[in-house]
Protein chains: 2
Amino acid sequence: MTDKSPPFDELDRKIVAILIENARASFAEIGAVVGLSATAVKRRVDRLRKTDVITGFRATVRPAALGWRTEAYIEVYCDSAAPPRRIAEVARKYPEIAAAMTVTGAADALLHVRATDVEHFEEVLERIRSEPFIRKTISYMVLSHLLPESPEAGASESAPVAVPGGATGDATNLP
Amino acid sequence: MTDKSPPFDELDRKIVAILIENARASFAEIGAVVGLSATAVKRRVDRLRKTDVITGFRATVRPAALGWRTEAYIEVYCDSAAPPRRIAEVARKYPEIAAAMTVTGAADALLHVRATDVEHFEEVLERIRSEPFIRKTISYMVLSHLLPESPEAGASESAPVAVPGGATGDATNLP
DNA sequence: TATGAAATAATTCGGAC
DNA sequence: GTCCGAATTATTTCATA
(Lines give C-alpha, C1' and ligand atoms only; values in the text may rest on other atoms or scores of the structure.)
Protein backbone atom coordinates (compact mmCIF):
# COMPACT_ATOMS: atom_id res chain seq x y z
CA MET A 1 0.00 0.00 0.00
CA THR A 2 2.98 2.23 0.42
CA ASP A 3 4.22 1.74 -3.12
CA LYS A 4 1.45 2.12 -5.63
CA SER A 5 1.59 1.29 -9.28
CA PRO A 6 1.98 4.77 -10.75
CA PRO A 7 5.66 5.27 -11.38
CA PHE A 8 7.03 8.31 -9.64
CA ASP A 9 9.60 9.64 -12.05
CA GLU A 10 11.99 12.55 -12.17
CA LEU A 11 9.38 14.85 -13.67
CA ASP A 12 6.97 14.13 -10.85
CA ARG A 13 9.63 14.92 -8.31
CA LYS A 14 10.42 18.21 -9.96
CA ILE A 15 6.76 19.11 -10.11
CA VAL A 16 6.26 18.25 -6.45
CA ALA A 17 9.33 20.22 -5.45
CA ILE A 18 8.01 23.26 -7.27
CA LEU A 19 4.56 22.96 -5.72
CA ILE A 20 6.03 22.59 -2.25
CA GLU A 21 7.71 25.93 -2.70
CA ASN A 22 4.78 27.57 -4.42
CA ALA A 23 1.42 25.86 -4.38
CA ARG A 24 0.04 28.53 -6.69
CA ALA A 25 2.49 28.10 -9.52
CA SER A 26 0.57 27.84 -12.75
CA PHE A 27 0.70 24.66 -14.79
CA ALA A 28 2.27 26.55 -17.68
CA GLU A 29 4.90 27.97 -15.36
CA ILE A 30 5.72 24.54 -13.99
CA GLY A 31 5.76 23.11 -17.47
CA ALA A 32 8.27 25.69 -18.61
CA VAL A 33 10.63 24.52 -15.88
CA VAL A 34 10.24 20.78 -16.25
CA GLY A 35 9.81 20.79 -20.01
CA LEU A 36 6.20 19.75 -20.32
CA SER A 37 3.00 21.30 -21.59
CA ALA A 38 0.57 22.80 -19.11
CA THR A 39 -1.87 20.02 -19.94
CA ALA A 40 0.64 17.32 -19.13
CA VAL A 41 1.58 19.01 -15.88
CA LYS A 42 -2.03 19.28 -14.81
CA ARG A 43 -2.60 15.61 -15.52
CA ARG A 44 0.40 14.66 -13.42
CA VAL A 45 -0.64 16.92 -10.57
CA ASP A 46 -4.13 15.44 -10.67
CA ARG A 47 -2.62 11.99 -10.46
CA LEU A 48 -0.27 12.96 -7.64
CA ARG A 49 -3.25 14.26 -5.72
CA LYS A 50 -5.32 11.18 -6.44
CA THR A 51 -2.54 8.87 -5.29
CA ASP A 52 -2.10 11.00 -2.18
CA VAL A 53 1.48 11.93 -2.87
CA ILE A 54 0.27 15.51 -2.69
CA THR A 55 -2.12 15.71 0.22
CA GLY A 56 -3.21 19.29 -0.10
CA PHE A 57 -2.40 22.90 -0.73
CA ARG A 58 -2.24 25.24 2.20
CA ALA A 59 -1.30 28.76 3.02
CA THR A 60 1.52 29.14 5.52
CA VAL A 61 1.28 31.88 8.09
CA ARG A 62 3.27 33.31 10.94
CA PRO A 63 1.67 31.79 14.03
CA ALA A 64 2.51 34.93 15.98
CA ALA A 65 0.53 36.98 13.49
CA LEU A 66 -2.52 34.93 14.39
CA GLY A 67 -1.94 35.18 18.10
CA TRP A 68 -0.15 31.88 18.74
CA ARG A 69 2.90 33.13 20.55
CA THR A 70 3.72 30.20 22.82
CA GLU A 71 5.01 26.83 21.72
CA ALA A 72 6.16 23.78 23.63
CA TYR A 73 6.89 20.11 23.43
CA ILE A 74 5.48 17.88 26.14
CA GLU A 75 6.78 14.45 27.01
CA VAL A 76 3.92 12.31 28.23
CA TYR A 77 4.31 9.35 30.57
CA CYS A 78 1.32 7.07 30.85
CA ASP A 79 0.12 4.22 32.95
CA SER A 80 1.53 1.06 31.52
CA ALA A 81 -1.92 -0.02 30.43
CA ALA A 82 -2.59 2.99 28.21
CA PRO A 83 -2.28 2.16 24.51
CA PRO A 84 -1.35 4.73 21.88
CA ARG A 85 -4.96 4.72 20.80
CA ARG A 86 -6.00 6.32 24.05
CA ILE A 87 -3.36 9.00 23.70
CA ALA A 88 -4.57 9.71 20.19
CA GLU A 89 -8.12 10.16 21.44
CA VAL A 90 -6.94 12.73 23.94
CA ALA A 91 -4.77 14.52 21.41
CA ARG A 92 -7.73 14.96 19.10
CA LYS A 93 -9.67 16.73 21.84
CA TYR A 94 -7.20 19.60 22.06
CA PRO A 95 -6.90 21.95 19.12
CA GLU A 96 -3.74 23.25 20.77
CA ILE A 97 -2.02 19.94 20.10
CA ALA A 98 -0.46 20.40 16.68
CA ALA A 99 1.23 17.03 16.63
CA ALA A 100 1.32 13.90 18.75
CA MET A 101 3.55 10.92 18.26
CA THR A 102 4.92 7.89 20.00
CA VAL A 103 8.65 7.98 20.44
CA THR A 104 11.57 5.93 21.63
CA GLY A 105 12.97 6.71 25.04
CA ALA A 106 11.42 6.89 28.44
CA ALA A 107 8.36 8.89 27.44
CA ASP A 108 5.33 7.26 25.90
CA ALA A 109 4.47 10.13 23.63
CA LEU A 110 5.62 13.54 22.53
CA LEU A 111 3.13 16.35 22.03
CA HIS A 112 3.71 19.54 20.07
CA VAL A 113 1.53 22.22 21.57
CA ARG A 114 0.76 25.78 20.55
CA ALA A 115 -0.97 28.31 22.74
CA THR A 116 -1.65 32.00 22.65
CA ASP A 117 0.47 32.76 25.70
CA VAL A 118 1.97 31.17 28.80
CA GLU A 119 -1.29 31.42 30.72
CA HIS A 120 -3.10 29.61 27.96
CA PHE A 121 -0.38 26.99 27.82
CA GLU A 122 -0.59 26.39 31.54
CA GLU A 123 -4.32 25.89 31.25
CA VAL A 124 -3.89 23.37 28.46
CA LEU A 125 -1.15 21.58 30.35
CA GLU A 126 -3.35 21.30 33.43
CA ARG A 127 -6.15 19.82 31.36
CA ILE A 128 -3.82 17.33 29.74
CA ARG A 129 -2.30 16.35 33.06
CA SER A 130 -5.74 15.69 34.47
CA GLU A 131 -6.43 13.01 31.87
CA PRO A 132 -6.94 9.77 33.81
CA PHE A 133 -4.15 7.63 32.40
CA ILE A 134 -1.46 10.29 32.23
CA ARG A 135 1.02 9.85 35.04
CA LYS A 136 3.60 12.52 34.36
CA THR A 137 4.54 15.22 31.86
CA ILE A 138 7.71 17.13 31.16
CA SER A 139 7.40 20.34 29.18
CA TYR A 140 9.97 22.00 27.01
CA MET A 141 9.08 25.53 26.07
CA VAL A 142 10.34 26.66 22.71
CA LEU A 143 12.38 29.83 23.18
CA SER A 144 13.32 30.76 19.63
CA HIS A 145 13.49 29.13 16.24
CA LEU A 146 16.88 28.84 14.62
CA LEU A 147 15.58 28.11 11.14
CA PRO A 148 13.07 30.04 9.07
CA GLU A 149 10.72 28.15 6.78
CA SER A 150 7.07 27.34 6.59
CA PRO A 151 5.79 28.63 9.93
CA GLU A 152 2.32 27.55 9.00
CA ALA A 153 -0.44 28.32 11.43
CA GLY A 154 0.88 26.01 14.06
CA ALA A 155 3.51 24.14 12.21
CA SER A 156 6.97 25.59 12.28
CA GLU A 157 8.66 22.90 10.37
CA SER A 158 9.70 22.63 6.81
CA ALA A 159 10.58 20.03 4.32
CA PRO A 160 13.98 18.81 3.37
CA VAL A 161 13.46 19.07 -0.33
CA ALA A 162 17.01 18.59 -1.38
CA VAL A 163 18.52 15.17 -1.30
CA PRO A 164 20.90 14.66 1.64
CA GLY A 165 24.17 13.19 0.53
CA GLY A 166 25.59 13.56 -2.94
CA ALA A 167 22.82 15.65 -4.35
CA THR A 168 23.11 16.78 -7.92
CA GLY A 169 22.79 20.32 -6.75
CA ASP A 170 19.47 21.55 -8.02
CA ALA A 171 16.66 22.15 -5.60
CA THR A 172 14.33 19.73 -7.28
CA ASN A 173 16.04 16.65 -5.94
CA LEU A 174 14.29 14.30 -3.64
CA PRO A 175 15.47 11.04 -2.14
CA MET B 1 7.04 45.06 15.34
CA THR B 2 4.78 42.26 16.26
CA ASP B 3 1.59 44.27 15.92
CA LYS B 4 1.50 46.23 12.70
CA SER B 5 -0.92 48.94 11.79
CA PRO B 6 -3.24 47.07 9.42
CA PRO B 7 -6.19 45.92 11.50
CA PHE B 8 -6.68 42.18 11.40
CA ASP B 9 -10.41 41.73 11.57
CA GLU B 10 -12.82 38.84 11.61
CA LEU B 11 -12.98 38.71 7.81
CA ASP B 12 -9.21 38.44 7.57
CA ARG B 13 -9.22 35.57 10.03
CA LYS B 14 -11.88 33.73 8.10
CA ILE B 15 -9.99 34.25 4.86
CA VAL B 16 -6.76 33.00 6.41
CA ALA B 17 -8.49 29.98 7.89
CA ILE B 18 -9.89 29.07 4.49
CA LEU B 19 -6.54 29.49 2.77
CA ILE B 20 -4.81 27.36 5.39
CA GLU B 21 -7.14 24.54 4.50
CA ASN B 22 -7.05 25.16 0.77
CA ALA B 23 -4.45 27.47 -0.65
CA ARG B 24 -6.04 27.13 -4.07
CA ALA B 25 -9.48 28.32 -3.14
CA SER B 26 -10.54 30.98 -5.61
CA PHE B 27 -11.21 34.51 -4.44
CA ALA B 28 -14.82 34.21 -5.52
CA GLU B 29 -15.17 30.97 -3.59
CA ILE B 30 -13.73 32.59 -0.47
CA GLY B 31 -15.88 35.63 -0.98
CA ALA B 32 -19.01 33.52 -1.09
CA VAL B 33 -18.15 32.16 2.36
CA VAL B 34 -17.13 35.37 4.06
CA GLY B 35 -19.62 37.59 2.25
CA LEU B 36 -17.30 39.65 0.11
CA SER B 37 -16.67 40.19 -3.57
CA ALA B 38 -13.79 38.36 -5.19
CA THR B 39 -12.00 41.64 -5.73
CA ALA B 40 -12.25 42.58 -2.09
CA VAL B 41 -10.95 39.17 -1.07
CA LYS B 42 -8.01 39.48 -3.40
CA ARG B 43 -7.12 42.87 -2.03
CA ARG B 44 -7.18 41.49 1.51
CA VAL B 45 -5.10 38.48 0.57
CA ASP B 46 -2.59 40.72 -1.16
CA ARG B 47 -2.38 42.80 1.98
CA LEU B 48 -2.05 39.73 4.22
CA ARG B 49 0.82 38.57 2.06
CA LYS B 50 2.47 41.97 2.06
CA THR B 51 2.27 42.23 5.82
CA ASP B 52 3.65 38.72 6.12
CA VAL B 53 0.66 37.31 7.90
CA ILE B 54 0.49 34.83 5.05
CA THR B 55 4.05 33.78 4.33
CA GLY B 56 3.45 31.52 1.38
CA PHE B 57 1.44 28.83 -0.33
CA ARG B 58 2.78 25.33 -0.42
CA ALA B 59 1.74 21.87 -1.38
CA THR B 60 1.71 19.35 1.42
CA VAL B 61 2.88 15.83 0.71
CA ARG B 62 3.25 12.53 2.49
CA PRO B 63 6.93 12.43 3.42
CA ALA B 64 6.89 8.66 3.03
CA ALA B 65 5.73 9.07 -0.56
CA LEU B 66 8.88 11.03 -1.25
CA GLY B 67 11.13 8.59 0.50
CA TRP B 68 11.44 10.28 3.90
CA ARG B 69 10.52 7.40 6.15
CA THR B 70 12.52 8.16 9.28
CA GLU B 71 11.91 10.99 11.69
CA ALA B 72 13.49 11.95 14.99
CA TYR B 73 13.99 14.69 17.52
CA ILE B 74 17.49 15.33 18.78
CA GLU B 75 18.34 17.10 22.00
CA VAL B 76 21.61 18.92 21.58
CA TYR B 77 23.96 19.77 24.44
CA CYS B 78 26.67 22.29 23.63
CA ASP B 79 29.79 23.68 25.18
CA SER B 80 28.78 26.51 27.43
CA ALA B 81 30.43 28.99 25.10
CA ALA B 82 28.35 28.09 22.04
CA PRO B 83 25.67 30.69 21.29
CA PRO B 84 22.42 29.91 19.50
CA ARG B 85 23.86 31.59 16.42
CA ARG B 86 26.43 28.83 16.07
CA ILE B 87 23.75 26.17 16.35
CA ALA B 88 21.72 27.94 13.69
CA GLU B 89 24.68 27.95 11.35
CA VAL B 90 25.03 24.21 11.73
CA ALA B 91 21.33 23.59 11.32
CA ARG B 92 21.32 25.42 8.01
CA LYS B 93 24.00 23.11 6.67
CA TYR B 94 21.81 20.03 6.96
CA PRO B 95 18.77 19.76 4.72
CA GLU B 96 17.66 16.89 6.94
CA ILE B 97 17.07 19.32 9.80
CA ALA B 98 13.48 20.42 9.35
CA ALA B 99 13.39 22.55 12.46
CA ALA B 100 15.81 23.76 15.09
CA MET B 101 14.98 25.69 18.21
CA THR B 102 16.30 26.65 21.59
CA VAL B 103 14.28 25.23 24.44
CA THR B 104 13.96 25.29 28.18
CA GLY B 105 15.35 22.35 30.10
CA ALA B 106 18.76 20.78 30.19
CA ALA B 107 19.31 20.69 26.44
CA ASP B 108 20.53 23.73 24.56
CA ALA B 109 18.55 23.02 21.43
CA LEU B 110 16.04 20.65 19.91
CA LEU B 111 16.37 19.49 16.32
CA HIS B 112 13.64 17.95 14.20
CA VAL B 113 15.29 15.67 11.68
CA ARG B 114 13.98 13.72 8.72
CA ALA B 115 15.92 11.04 6.90
CA THR B 116 15.19 8.45 4.30
CA ASP B 117 15.88 5.53 6.61
CA VAL B 118 17.69 4.59 9.80
CA GLU B 119 21.02 4.28 8.03
CA HIS B 120 20.66 7.75 6.64
CA PHE B 121 19.65 9.07 10.04
CA GLU B 122 22.68 7.50 11.67
CA GLU B 123 24.90 9.17 9.10
CA VAL B 124 23.33 12.55 9.76
CA LEU B 125 23.56 12.05 13.50
CA GLU B 126 27.24 11.21 13.24
CA ARG B 127 27.89 14.31 11.22
CA ILE B 128 26.00 16.49 13.69
CA ARG B 129 27.80 14.93 16.65
CA SER B 130 31.13 15.66 15.04
CA GLU B 131 30.44 19.40 15.03
CA PRO B 132 33.12 20.98 17.22
CA PHE B 133 31.02 22.60 19.91
CA ILE B 134 28.45 19.82 20.34
CA ARG B 135 29.11 17.88 23.48
CA LYS B 136 26.23 15.42 23.61
CA THR B 137 23.04 14.45 21.82
CA ILE B 138 20.02 12.44 22.79
CA SER B 139 17.81 11.14 19.99
CA TYR B 140 14.14 10.31 20.11
CA MET B 141 12.98 8.37 17.10
CA VAL B 142 9.39 9.01 16.07
CA LEU B 143 7.55 5.70 15.97
CA SER B 144 4.10 6.69 14.77
CA HIS B 145 2.00 9.79 14.49
CA LEU B 146 -1.19 9.93 16.49
CA LEU B 147 -2.72 12.81 14.60
CA PRO B 148 -3.27 13.22 10.87
CA GLU B 149 -2.91 16.65 9.30
CA SER B 150 -0.51 18.42 7.02
CA PRO B 151 2.33 15.92 6.68
CA GLU B 152 4.09 18.29 4.37
CA ALA B 153 7.37 17.19 2.90
CA GLY B 154 9.15 17.25 6.18
CA ALA B 155 6.68 18.96 8.39
CA SER B 156 4.22 16.75 10.13
CA GLU B 157 2.57 19.34 12.15
CA SER B 158 -0.57 21.27 11.66
CA ALA B 159 -2.15 24.41 12.81
CA PRO B 160 -4.63 24.86 15.58
CA VAL B 161 -7.08 26.84 13.58
CA ALA B 162 -9.91 26.71 16.02
CA VAL B 163 -9.79 28.88 19.08
CA PRO B 164 -8.91 26.94 22.22
CA GLY B 165 -11.29 27.71 25.03
CA GLY B 166 -14.86 28.87 24.51
CA ALA B 167 -14.79 28.89 20.76
CA THR B 168 -17.90 29.93 18.95
CA GLY B 169 -17.93 26.66 17.15
CA ASP B 170 -17.12 27.42 13.57
CA ALA B 171 -13.80 26.43 12.12
CA THR B 172 -12.86 29.95 11.15
CA ASN B 173 -12.04 31.04 14.68
CA LEU B 174 -8.59 32.08 15.63
CA PRO B 175 -7.30 33.43 18.92
C1' DT C 1 -0.44 5.19 -21.46
C1' DA C 2 1.27 9.61 -22.12
C1' DT C 3 1.63 13.82 -24.72
C1' DG C 4 0.54 18.41 -27.18
C1' DA C 5 -2.67 21.82 -29.35
C1' DA C 6 -6.78 24.18 -29.61
C1' DA C 7 -11.30 25.60 -27.70
C1' DT C 8 -13.95 26.81 -23.82
C1' DA C 9 -14.84 27.97 -19.00
C1' DA C 10 -13.15 30.11 -14.96
C1' DT C 11 -10.20 33.14 -12.52
C1' DT C 12 -7.14 36.78 -11.78
C1' DC C 13 -6.04 41.52 -12.10
C1' DG C 14 -6.34 46.34 -13.03
C1' DG C 15 -9.00 50.56 -13.39
C1' DA C 16 -13.32 53.27 -12.53
C1' DC C 17 -16.73 54.33 -9.43
C1' DG D 1 -16.16 48.18 -0.72
C1' DT D 2 -18.38 46.90 -5.68
C1' DC D 3 -18.70 46.56 -10.75
C1' DC D 4 -16.74 45.80 -15.14
C1' DG D 5 -13.47 44.45 -18.83
C1' DA D 6 -8.97 42.64 -20.44
C1' DA D 7 -5.39 39.32 -19.63
C1' DT D 8 -4.20 35.10 -17.66
C1' DT D 9 -5.07 30.51 -16.18
C1' DA D 10 -7.68 26.15 -15.59
C1' DT D 11 -10.10 22.59 -17.72
C1' DT D 12 -12.03 19.93 -21.37
C1' DT D 13 -11.87 17.95 -25.93
C1' DC D 14 -9.57 16.02 -29.63
C1' DA D 15 -5.76 14.14 -32.18
C1' DT D 16 -1.19 11.69 -32.13
C1' DA D 17 2.65 8.56 -31.03
Side-chain angles (χ1 to χ4, degrees), chain A residues 1-61 65-66 152-153 170-174, chain B residues 3-62 65-67 152-153 170-174:
Chain A
M1 200 164 81
T2 46
D3 273 314
K4 256 305 174 48
S5 30
F8 188 76
D9 63 15
E10 188 64 22
L11 288 174
D12 287 325
R13 309 210 297 188
K14 286 183 180 177
I15 292 171
V16 168
I18 292 171
L19 285 174
I20 286 175
E21 292 210 15
N22 178 18
R24 289 196 152 184
S26 73
F27 295 136
E29 190 179 336
I30 298 171
V33 175
V34 304
L36 234 50
S37 72
T39 312
V41 172
K42 172 183 164 31
R43 268 195 290 258
R44 279 173 180 262
V45 171
D46 287 344
R47 179 169 53 78
L48 290 168
R49 293 217 50 174
K50 197 172 188 65
T51 57
D52 246 43
V53 173
I54 294 173
T55 57
F57 300 97
R58 37 187 75 217
T60 58
V61 305
L66 298 182
E152 150 188 358
D170 65 315
T172 60
N173 274 311
L174 291 165
Chain B
D3 272 313
K4 258 304 175 48
S5 32
F8 188 76
D9 63 14
E10 187 65 23
L11 287 174
D12 286 326
R13 310 210 297 188
K14 284 184 181 177
I15 291 170
V16 168
I18 292 171
L19 284 174
I20 286 175
E21 291 211 16
N22 177 19
R24 288 197 153 185
S26 72
F27 296 137
E29 191 178 335
I30 298 170
V33 175
V34 304
L36 235 51
S37 71
T39 309
V41 172
K42 173 181 163 31
R43 269 202 285 262
R44 280 172 179 262
V45 171
D46 287 344
R47 179 169 53 78
L48 291 168
R49 293 218 51 175
K50 197 172 190 65
T51 56
D52 246 43
V53 173
I54 295 174
T55 56
F57 301 97
R58 38 187 74 218
T60 58
V61 305
R62 275 188 309 117
L66 297 182
E152 150 187 358
D170 64 315
T172 61
N173 275 310
L174 292 166

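Letters A, B, ... are given to chains in the order of the sequence lines, protein chains preceding strands, and every chain is numbered from 1.
One interatomic measurement links the two molecules: CZ of B/Arg24 to P of C/dT11, which rounds to 13 Å at whole-angstrom precision. Following rounding to the nearest Å, B/Lys50 (NZ) and C/dC13 (P) show an atom-to-atom distance of 14 Å. Note: CG (A/Leu19) to P (D/dA10) measures 11 Å, nearest angstrom. Atom pair B/Asn22:CG and C/dT11:P shows a separation of 12 Å (rounding to whole Å applied). To the nearest angstrom, P of D/dG1 lies 14 Å from CD of B/Glu10. Separating the CG atom of A/Leu11 from the C1' atom of C/dT1 is a distance of 15 Å, rounded to the nearest angstrom. Note: CZ (B/Phe27) to C1' (D/dA7) measures 15 Å, nearest angstrom. When the C1' atom of C/dC13 is taken as reference, atom CZ of B/Arg47 falls 18 Å away, rounded to whole Å.
Residues B/Arg24 and A/Ala23 approach most closely at NE-O, 2.8 Å, considering heavy atoms. Of all heavy-atom pairs between A/Ile54 and B/Ala59, the closest is CG2-CB, 4.3 Å. Scanning both residues, B/Phe57 and B/Val45, for their nearest heavy atoms gives CZ-CG1, 4.4 Å.
Interatomic distance, B/Glu10 CD to B/Ile15 CD1, rounded to the nearest 0.5 Å: 10.5 Å.
Of the residues B/Arg49, B/Arg47, B/Arg43, the one that meets the salt bridge (Lys or Arg N to Asp or Glu O under 4.0 Å) test with B/Asp12 is B/Arg47.
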Side-chain polar contacts of residues 25-39 of chain B - donor-acceptor pairs under 3.5 angstrom, sequence neighbours left out - could you list them?
from: B/Ser26; atom 1: OG; to: B/Glu29; atom 2: N; distance (Å): 3.1
from: B/Ser37; atom 1: OG; to: B/Ala40; atom 2: N; distance (Å): 3.2

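A/Val41 has its side chain out of reach of A/Ile18: every pair of non-hydrogen atoms, C-beta onward, lies at least 4.5 Å apart. With contacts defined as side-chain heavy-atom distances shorter than 4.5 Å, the pair B/Phe8/B/Thr51 does not qualify.
Within residues 38-46 of chain B, the residues having any heavy atom under 4.0 Å from DNA chain C are, by residue number, B/Thr39, B/Lys42.
In this structure a side-chain-to-backbone donor-acceptor pair under 3.5 Å is missing from B/Arg58 to A/Thr60.
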side-chain contact (heavy atoms from CB on, under 4.5 Å) for A/Ile20 and B/Leu66? Distances and angles first, verdict last. CA-CA 12 Å; A/Ile20 286 175; B/Leu66 297 182; 4.3 Å; yes
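The overall bend of the helix from C/dT1-D/dA17 to C/dC17-D/dG1, read as the angle between its terminal helix axes built from five base pairs each, is 30° when rounded to 10 degrees.
Listed by chain and residue number, A/Lys42 satisfy the salt bridge (charged side-chain N to carboxylate O under 4.0 Å, His left out) test with A/Asp46 (two or more places apart in sequence, or in another chain).
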Hey, what are the protein-to-nucleotides 7-9 of chain C N/O distances that come in under 3.5 Å?
none

